[in-house]
Undergrad: 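After the structure tokens below, expect a handful of questions from me.
Atoms within each ligand, like the ligands themselves, are counted from 1 in listed order. Here the structure is a predicted model, which means the values were calculated and not measured. Throughout, residue positions are numbered sequentially from 1 according to the sequence presented.
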Amino acid sequence: MKTQDMNRDWISTASTLNKALPYLQRYAGATVVIKLGGHSMGSDEAMDEFARDVVLMRQVGVNPVIVHGGGPMINAMLDKLDIKSEFVNGKRVTDSATMDVVEMVLSGLVNKRIVQAINGQGGCAVGISGKDARLITCTQTDPALGFVGTPQEVDPRLLRDLAEKEYIPVIAPLGADRAGQTFNINGDTAAGAVAAALKADRLLLLTDVPGVKNDAGDVLTELSAQQIREMTMDGTIAGGMIPKTETALVAIQQGVRAVVILDGRAPNACLLELFTEHGAGSIIRAE
Ligand SMILES: Nc1ncnc2c1ncn2[C@@H]1O[C@H](COP(=O)(O)OP(=O)(O)O)[C@@H](O)[C@H]1O
Ligand SMILES: CC(=O)N[C@@H](CCC(=O)OP(=O)(O)O)C(=O)O
């Protein structure tokens, strides 16, 4: 790069930091729950960039809480083991053999990959699942789905303790019922329940599309509860987008200030959303 171009680059960086001040002030002390979907966990470089964003948030006084998915990684392992699974309305029908694989992949491979990436960038991440410290107690969603759970109670004490000591919790979406049976929880649903229990300022649902699209394929930057209901009824919102928008509706009813559905593959997606006027994706605000 020529010296002149380099200077321009630095000036633009300084100007970006300068403009970020009001946003940094707004979010200091705020709790931001980030759901990292399996489809937005890309290369090691992309994971490192995500981890750097999270560590930067922590550095400027935000309390980030990560809840992850891992659907594609579970599919890959089930394929290797020759176990078939199907989805109903974005939720995996989970029998006992599938449950074992889900737990192994989510709590093992995926959770530790994220923890390592954050720690590699100088953060202090702690990997847990919803089973730890009775974080998520659930009940069976529907017998037809097998061991799929719906969160009934979230005990956020462990998360509060971790935040106070500036640890970054990384949560695998599993839970247990009162009898100790393990359940598979859709990652978006788990993130929504955690965000509601923490009365989070923002819930960011990172996925593989730029936001919620209308029937013409345009991303809607802002969505009302009414629009979500209509678009779900007429099939414009389908498949994996259903648990996300359902989660958004429940979360705003339960005290989360706003939910944003955005593209986790876009560079610095979380920083763009929180610390710039640009914003990103589709926002659903508490009314
Ligand atoms: N109205 C819609 N707008 C955007 N995406 C939609 C819509 N309806 C269905 N989808 C689908 O939802 C997918 C996101 O859900 P999913 O694949 O479960 O993501 P993740 O693994 O990130 O949780 C998109 O890739 C898209 O195919
Ligand atoms: C009940 C249910 O469907 N659980 C999900 C949990 C992982 C997940 O949600 O992963 P993504 O966010 O990457 O889709 C599953 O088994 O795939």
Side-chain angles (χ1 to χ4, degrees), residues 34-42 46 50 66-79 83-95 97-111 113-114 129-130 136 138 140-142 144-151 171-175 182-194 203-221 223 227-248 261-266 269 281-282 284:
I34 303 166
K35 170 6 180 70
L36 181 62
H39 285 114
S40 42
M41 286 174 220
F50 168 78
I66 316 300
V67 180
H68 61 83
M73 296 78 181
I74 299 169
N75 291 343
M77 188 61 82
L78 288 172
D79 273 354
I83 301 174
K84 303 257 169 302
S85 73
E86 55 163 327
F87 284 84
V88 174
N89 286 338
K91 293 182 180 128
R92 186 188 306 275
V93 180
T94 307
D95 63 9
T98 307
M99 188 63 248
D100 287 348
V101 177
V102 168
E103 183 161 26
M104 181 171 79
V105 172
L106 292 181
S107 271
L109 300 178
V110 178
N111 188 278
R113 184 177 174 214
I114 301 168
S129 86
I136 306 179
C138 44
Q140 189 175 41
T141 305
D142 173 353
L145 297 177
F147 296 111
V148 171
T150 301
I171 305 166
L174 302 165
T182 302
F183 284 94
N184 177 13
I185 307 172
N186 171 275
D188 302 312
T189 312
V194 166
L203 167 60
L204 307 182
L205 298 174
L206 302 187
T207 182
D208 62 350
V209 280
V212 182
K213 295 177 186 166
N214 63 15
D215 52 5
D218 302 319
V219 171
L220 301 171
T221 52
L223 271 160
Q227 269 173 305
I228 290 178
R229 280 186 221 108
E230 284 168 10
M231 288 168 72
T232 309
M233 291 280 279
D234 71 16
T236 310
I237 291 175
M241 194 49 74
I242 296 176
K244 289 183 209 309
T245 45
E246 269 179 4
T247 294
I261 298 173
L262 68 167
D263 194 346
R265 302 162 312 165
S282 305
I284 302 115

Undergrad: So, taking the atom named CG in N184 and the one named CD1 in I74, what distance separates them when rounded to the nearest 0.5 Å?
TA: 6.0 Å
Undergrad: Once you restrict to heavy atoms under 4.0 Å, what part of K244 touches ligand 1? Side chain, backbone, both or neither.
TA: side chain
Undergrad: Any side-chain to backbone donor/acceptor pair from T245 onto M241? Under 3.5 Å, distance only.
TA: yes
Undergrad: Tell me which protein heavy atom sits closest to atom 21 (O) of ligand 1, plus the residue, atom name and distance to 0.1 Å.
TA: H39 ND1, 2.7 Å
Undergrad: About how many Å separate NZ of K35 and CG of L205, when rounded to the nearest 0.5 Å?
TA: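 Going from CG on L205 over to NZ on K35, the span is 7.0 Å.
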Undergrad: Taking only heavy atoms of the protein into account, state which residues are under 4.0 angstrom from an atom of ligand 2, in chain and number order.
TA: K35, G37, G38, G69, G70, G71, P72, I74, G90, K91, R92, V148, N184, I185, N186, G187
Undergrad: Could an N or O of ligand 1 be found under 3.5 Å from any N or O of T236, whether backbone or side chain?
TA: yes
Undergrad: Which protein heavy atom lies closest to atom 6 (C) of ligand 1, and at what distance to 0.1 Å?
TA: M241 CB, 3.7 Å
Undergrad: Heavy-atom contacts with V212 under 4.0 Å: which atoms of ligand 1 show up? List them by number with element.
TA: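 The list of qualifying atoms is 3 (N).
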Undergrad: Got the closest protein heavy atom to atom 22 (O) of ligand 1, with its distance?
TA: T207 OG1, 2.9 Å
Undergrad: Among side-chain atoms of T247 and D188, is any donor-acceptor pair under 3.5 angstrom?
TA: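 No, D188 and T247 have no side-chain donor paired with an acceptor closer than 3.5 Å.
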Undergrad: Measure the shortest side-chain to side-chain distance between P173 and L106 over non-hydrogen atoms and say whether it is less than 4.5 angstrom.
TA: yes
Undergrad: Nearest 0.5 Å, what's the CG-OG1 distance between N186 and T150?
TA: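 Output value for this atom pair is 10.0 Å.
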Undergrad: Below 4.0 angstrom, counting only protein heavy atoms, does anything approach atom 27 (O) of ligand 1?
TA: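 Given the 4.0 Å cut-off, atom 27 (O) of ligand 1 does not count as touching protein heavy atoms.
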Undergrad: When you measure from atom 3 (N) of ligand 1 to every protein heavy atom, which one gives the shortest distance, and what is it?
TA: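 Sorting protein heavy atoms by distance from atom 3 (N) of ligand 1 puts K213 N, 2.9 Å first.
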Undergrad: Does at least one non-hydrogen atom of A238 fall below 4.0 angstrom from an atom of ligand 1?
TA: yes
Undergrad: May I ask whether P243 has any heavy atom positioned less than 4.0 angstrom from an atom of ligand 1?
TA: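 Heavy atoms of P243 never come under 4.0 Å of ligand 1.
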Undergrad: Using 0.5 Å steps for rounding, measure from the CZ atom of F87 to the CG atom of N75.
TA: 5.0 Å
Undergrad: For ligand 1, which atoms, with element, lie under 4.0 Å from some heavy atom of K35?
TA: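 Per the distance check, 23 (O).
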Undergrad: Does T236 use its side chain to pair, donor to acceptor, with the backbone of N214 at less than 3.5 Å?
TA: no
Undergrad: Mind checking whether V209 contacts ligand 1 via backbone (N, CA, C, O), side chain (CB onward), both or neither, at a 4.0 Å heavy-atom cut-off?
TA: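 For V209, the contact with ligand 1 is made by the side chain alone.
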Undergrad: Are there more than 12 heavy atoms of other residues, nucleotides or ligands under 6.0 Å from atom CG of D95?
TA: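 Yes, enclosed.
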Undergrad: Below 4.0 Å, non-hydrogen atoms only: which portion of H68 touches ligand 1? Side chain, backbone, both or neither.
TA: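 Looking at H68 and ligand 1, no heavy atom falls under 4.0 Å.
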Undergrad: Report the C-alpha separation of L206 and L262 in whole Å, then their side-chain angles, then the decisive distance to 0.1 Å, and conclude whether the side chain to side chain contact (heavy atoms under 4.5 Å, CB included) test is met.
TA: CA-CA 5 Å; L206 302 187; L262 68 167; 3.4 Å; yes
Undergrad: Enter the distance from M231:CE to I228:CD1 here, rounded to the nearest 0.5 Å.
TA: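 Between atom CE of M231 and atom CD1 of I228 there are 8.0 Å.
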Undergrad: Write out the residue and atom name of the closest protein heavy atom to atom 18 (O) of ligand 1, then the distance separating them to 0.1 Å.
TA: G240 CA, 3.3 Å
Undergrad: For atom 24 (C) of ligand 1, which protein heavy atom lies nearest, and how many Å away is it?
TA: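 Nearest protein contact, heavy atoms only, for atom 24 (C) of ligand 1 is D208 OD1, 3.5 Å.
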Undergrad: Sequence neighbours left out, what passes salt bridge (charged side-chain N to carboxylate O under 4.0 Å, His left out) with R92? Give chain and number order.
TA: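 R92 satisfies salt bridge (charged side-chain N to carboxylate O under 4.0 Å, His left out) with no other residue.
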Undergrad: If you count the atoms of ligand 1 from 1 in the order shown, which ones are under 4.0 Å from a heavy atom of G211?
TA: 3 (N), 4 (C)
Undergrad: Could you state the interatomic distance from CD (Q227) to CD1 (I237), rounded to the nearest 0.5 Å?
TA: 9.0 Å
Undergrad: For V148, is there any backbone N or O sitting under 3.5 Å from a side-chain donor or acceptor partner on T94?
TA: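 Checked: no pair found.
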